[in-house]
Amino acid sequence: MPLSSSPAATATATSASASASAGEPVVPPRAGAAPYARVALVGDRSAEVAAHARIPELLEALRLRDGLPLDVYWIPTDEILPVPTAGSSADRLPTGLAVSDQAASAGFLAGFDGVWLVPGSPYVSEAGALAAVRTAREQGIPLLGTCGGLQHVALEFARSVCGRPDAAHAENDPSATAPLIVPIACALDGHEGVVLVTPNSLAERLIGADRTVGRYYCSYGINPSDTGLLLAHGLRFSGVDETGEVRVLELPGHPFFLATLFQPELGSDAGRVHPVIRGFAEAAVARAAARRVAARGASGPASIWGPGSQVC
């Protein structure tokens with residue numbers, strides 16, 4: 001569904017570029033310029049989460065300084081899939097709209113070229129966060145998850161791909177008997193740590209080294225007893241700490257599907273955006289360009305600045 005016709009996306013959209021250039025006239029790009037890549041920041045924005053202020057600034061820096069045409073929108077998790085109300089079944093929305101597949105409720109995300117599941121868990125709607133991950137995974141939309149984003153990427157994969165519908169996050173479900181996401185041995189609240197990067201991985205191609213240092217604000221990670229299950233079904237752990245615990249994961253064969261337990265947004269500034277973030281932004285721009293080519297092939301040349309275009 002196009003962004004402009006999505007009530008949820010339109011109601012909650014906040015463009016990073018608008019916040020940085022308020023009052024400046026919007027100048028359409030020259031003919032033949034790359035189309036704007038619509039990026040969804042999926043999460044529940046809060047002034048108490050440092051990453052929530054930093055992420056739009058970094059993407060705006062990539063737009064202004066590097067010419068990457070990015071249009072950024074905040075999408076709250078409960079706009080994707082509302083929190084079930086008391087008495088509603090697990091496969092029904094509170095509005096009474098039946099859904100046999102919960103990912104269908106995230107259909108409007110198909111209009112985006114990138115999805116970033118941002119830090120800030122527990123999310124208002126765990127189901128909404130998982131639906132966003134599933135939509136990006138199944139539809140080939142570039143996805144980046146950081147901190148709580150990695151936790152929920154692993155959780156969605158376990159439930160949808162590994163046949164573990166009971167996979168749980170210990171923060172959201174403290175009574176779970178065998179949670180997939182568990183408290184890590186030593187909480188990494190504000191600490192930095194070494195990440196050993198797997199050779200010939202997407203992470204290594206982006207970072208350009210076999211080790212890096214990540215900054216963490218995190219208390220949960222993947223249960224070591226479940227790593228074999230995730231690996232057996234196709235995930236790849238492309239970064240670990242010095243004890244072997246997962247710090248980066250990716251999905252081979254997907255255009256861009258990467259999640260980090262560390263927060264690259266906190267190791268960046270406007271003049272030096274982390275290569276993982278740059279790689280995600282470039283993948284979103286590439287998807288936007290490919291979609292425009294496909295649209296032209298189907299209906300002939302058309303301007304991306306037609307009715308319904310939203311430029312921020």
Side-chain angles (χ1 to χ4, degrees), residues 1-6 9-10 13 15-17 26-42 55-56 58-73 75 80 103-104 106-117 131-145 149 153 156 201-206 234 236 238 250-259 273-312:
M1 181 180 295
L3 176 65
S4 59
S5 60
S6 167
T10 302
S15 168
S17 57
V26 174
V27 180
R30 66 186 182 278
Y36 271 85
R38 295 165 172 168
V39 175
L41 303 182
V42 175
I55 289 170
L58 297 174
L59 294 176
E60 174 65 353
L62 289 174
R63 187 184 74 85
L64 293 176
R65 296 171 63 95
D66 297 79
L68 291 178
L70 303 169
D71 207 4
V72 181
Y73 297 81
I75 309 293
I80 298 172
F108 71 87
L109 286 177
F112 287 91
D113 302 295
V115 173
W116 186 337
L117 186 56
V133 174
R134 182 169 180 175
T135 298
R137 179 176 57 79
E138 293 184 337
Q139 299 191 23
I141 301 171
L143 177 134
L144 176 62
V153 166
E156 189 280 327
S201 64
L202 172 60
E204 186 196 44
R205 292 197 298 274
L206 295 172
R236 184 180 191 186
S238 50
E250 58 190 64
L251 183 62
H254 191 283
F256 189 104
F257 193 95
L258 185 98
V273 177
H274 195 285
V276 164
I277 298 172
R278 181 184 299 276
F280 166 70
E282 290 173 345
V285 170
R287 175 178 169 84
R291 282 155 55 92
R292 182 171 69 168
V293 169
R296 283 182 169 175
S299 58
S303 171
I304 63 168
W305 299 92
S309 294
Q310 185 166 354
V311 182
C312 300

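Only this structure's heavy atoms are used, side chains among them; waters, hydrogens and symmetry mates stay out.
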Flag side-chain contact, heavy atom, 4.5 Å: Val115 against Phe257: no

Close side-chain approach of Leu117 and Val133, heavy atoms under 4.5 Å: yes

Which atom of Ala37 lies closest to which atom of Asp113, heavy atoms considered: CA-OD2, 3.4 Å

Taking every non-hydrogen atom, the tightest pair across Leu143 and Ala132: CD1-O, 4.5 Å

Nearest heavy atoms of Arg63 and Leu70, plus distance in Å: CD-O, 3.5 Å

Heavy-atom check, side chain of Val39 versus side chain of Phe112, under 4.5 Å: no

Arg278/Asp66 ion pair, N-O < 4.0 Å: yes

Atom pair CZ (Phe108) and OG1 (Thr135), whose distance is rounded to the nearest 0.5 Å: 9.0 Å

From CA spacing to verdict: side-chain contact (heavy atoms from CB on, under 4.5 Å), Ile80, Leu109: CA-CA 8 Å; Ile80 298 172; Leu109 286 177; 4.0 Å; yes

Point-to-point distance, once rounded to the nearest 0.5 Å, from CZ of Arg137 to NE2 of His254: 8.5 Å

Straight-line distance of Ile75 CD1 to Leu41 CG, nearest 0.5 Å: 8.5 Å

Side chains of Pro142 and Arg287 in contact at under 4.5 Å (non-hydrogen atoms): yes

Spacing of CZ belonging to Phe280 relative to CG belonging to Leu206, to within rounding of 0.5 Å: 12.0 Å

Spatial distance of atom CD1 (Ile277) from atom CG (Leu59) [nearest 0.5 Å]: 7.0 Å

Closest non-hydrogen atom pair, Gly111 against Arg291: O-NH2, 3.6 Å

Atom pair CG (Leu251) and CG (Leu258), whose distance is rounded to the nearest 0.5 Å: 10.5 Å

Closest non-hydrogen atom pair between Phe256 and Val276, with its separation: CZ-O, 4.0 Å

Heavy-atom closest pair, residues Ser238 and Glu250: OG-OE1, 2.7 Å

